[in-house]
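One structure below.
Everything numeric in this text was worked out from a predicted model, so none of it was measured. When a ligand or atom number is given, it counts from 1 through the structure's own listing order.
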Amino acid sequence: MYSGAAAAAVGSPRRDFISVTLGPEEAAGIGGYNNSKAWRRRSCWRKWKQLSRLQRSVILFLFAFLAVSGVISFTGMGETWKSITNKSLDDQRTEQEIPRLKLANPAVLPAPQKADANHGDYPEFSLQKPPKQPHVRRGPSNLQIKAPRRDMRLKTQHDTMRAVEELVEADKVEKTEKSIISWRGAVIEPDQSTEPPSSKIMELEKPSSVETEDQKEPVPINERQLAVIEAFRHAWKGYKDFAWGHDELKPLSKSYSEWFGLGLTLIDALDTMWILGLKEEFEEARKWIANDLVFDKNVDVNLFESTIRILGGLLSTYHLSGDSLFLEKAKDIGNRLMPAFRTPSKIPYSDVNIGRGTAHPPRWTSDSTVAEVTSIQLEFRELSRLTGDEKFRKAVDEVMKHVHILSGKNDGLVPMFINTNSGQFTHLGVYTLGARADSYYEYLLKQWIQGGKKENELLEDYMRAIEGVKKHLLQRSEPKKLTFVGELAHGHFSAKMDHLVCFLPGTLALGAHNGLAADHMKLAETLIETCYQMYAQVETGLSPEIVHFNLHAQKGHKDVEIKPADRHNLLRPETVESLFYMYRFTGDKKYQDWGWEILQNFNRYTRVPTGGYTSINNVQNPSNPEPRDKMESFFLGETLKYMFLLFSDDIDLINLDKYVFNTEAHPLPIWVPA
Ligand code: DMJ
């Protein structure tokens, strides 16, 4: 409205002008101020009446127009506001979900619990959201997993609404189907997101790793794998008939031996049964774990052995099966092992009484073995990730950090003992990749892989150590010129090699697969040939515990010499383990063939007709290999598992980009880098 002189509608009646005529008082801006409601109402009404019909219509139209646009723009703003709010929620959600998405293996269960622990010390370590416990259903994977529809195209709002409804419906149906655990190791992570259906619609356009895995045709089990299953069943029969719930089977005397009294063989074999698809056996064993496994026992256990076999076995079985029983048990034993770290140096004692909560070194020394204190990290780190309780990881990381800066190494090679009081290496000057040091090297690489290849100190130590091996421990034998890893004792080279060292080709190959020097793979190829020859050159076709290589050609002598004290075979896994890695990474069938020979020789010389397999005393005597009457738990935990995997052509059967095996062949998930 304007102020000033009156305006009039002037001109041709065809041209409409809108004007407002003010009364003289108003126009002059004078007159007494009367702001009473009645006066204001009257004066407005008077003015309204003074307007022409056209003017009134136009004003009404304008009001109506403004009102409608107001409503429309309010709705639009609401939408904008909503989308802003949603966006920030989405951002938050994305941040929260990053850890889950970062886990390399969609086929691995997420961390189920998050404690209020302070994670500040470990910036690179991202814990996952607490997940819902998946509903566990077992059965052939192809029957269980429904791929989301990919061809959905949403155009109109109506379509969108319908799609939303469909999705909500489908979601209800799929909720249980998505929390699926397929038999033989493929665990499908349940969808834990809580976002509204609309964002799920968008997700349908993206390829889903779960879907991809699901859509793969299952690889059929072949003859050799069936032979492994048969061997496992035979071993299990002996254990079940004569040693059920005890540590180890004594297959000849049809009895058992106790080490910790914790059903060691049963626990060690759990994930093997899962991988081999032995459903019935697995269920039976699970029942025993649920009803009979008690850790509250006044018993001394070895920290390393119980970590790699029991804690490792329970954790990997939890990952494969999704059954929280195994995680509960893992937490229990993990907590009970923690007193071992209460030492002046924080280097753990070798033994813990899991019932009393006390720990001590062996009676004759205050030293611990270097391999033992540095090969418990994969398991405790994973336990921290799953529980959200940092104390496990802190304890084992501290050991690694301490050893990283410790003097007494020789080009990355470590001595075999470390003192729990001083924290210093002892018995300096002896360097081996065999007993007492072996898995130190293995766990440097594997922790680096587990943690997403970020922990550079581990990699540094690993690379330096392999250079140390090349410089000090590699030699070639005669007559076949086999490259082998000897030992160094106070500057003197010894051509002695433990069968235990045969983990090395597999570890080197794993490192090369993860981007480390290509010459590591070359070395792996030459070393696995040597390990195979440790079997092939022996009368039973089975390797002894220790060999000595000939450095000089002598008529009638092979490369491999065996001392009487070393000619036993404990059904160890290391060569088969390395054959598995070599086959996975090269596809060269000769590795499968070598493994097949070894399996046949185990069957020939170590199989006990009434059930079980036995370690033997003399690999050089095929007519009497002298059975020892003991089946080690690692025969089921490791040897047969690696055999089965070696004969498989399915790289997703424990995919090595998603899992890292602990030193007892229990697969644990790899955490993906940030
Ligand atoms: C297993 O307990 C583990 O592989 C360990 O690292 C070495 N010894 C046995 C198998 O030989």
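The residues Glu398 and Lys401 are annotated as not salt-bridged, no charged nitrogen and carboxylate oxygen being separated by less than 4.0 angstrom.
For an aromatic pair to be called close, the ring centres must be under 6.0 Å apart, and Phe661 with Tyr642 satisfies this. Taking the six-membered ring for Trp and the full ring otherwise, the centers of Phe326 and His319 sit at least 6.0 Å from each other. Taking the six-membered ring where the residue is Trp, the centroids of Tyr535 and His499 are separated by under 6.0 Å.
Take Glu529 and apply the side-chain contact (heavy atoms from CB on, under 4.5 Å) test, not counting sequence neighbours, and it matches Leu482, Gln533, Trp594.
Sorted by chain then number, the residues whose non-hydrogen atoms approach ligand 1 to under 4.0 Å are Ile308, Arg309, Leu500, Arg572, Pro573, Glu574, Phe634, Glu638, Thr663, Glu664.
Judged by distance alone, with hydrogens and angles left aside, the side-chain atoms of Lys329 form no donor-acceptor pair with the main-chain N or O of Leu314 at under 3.5 Å.
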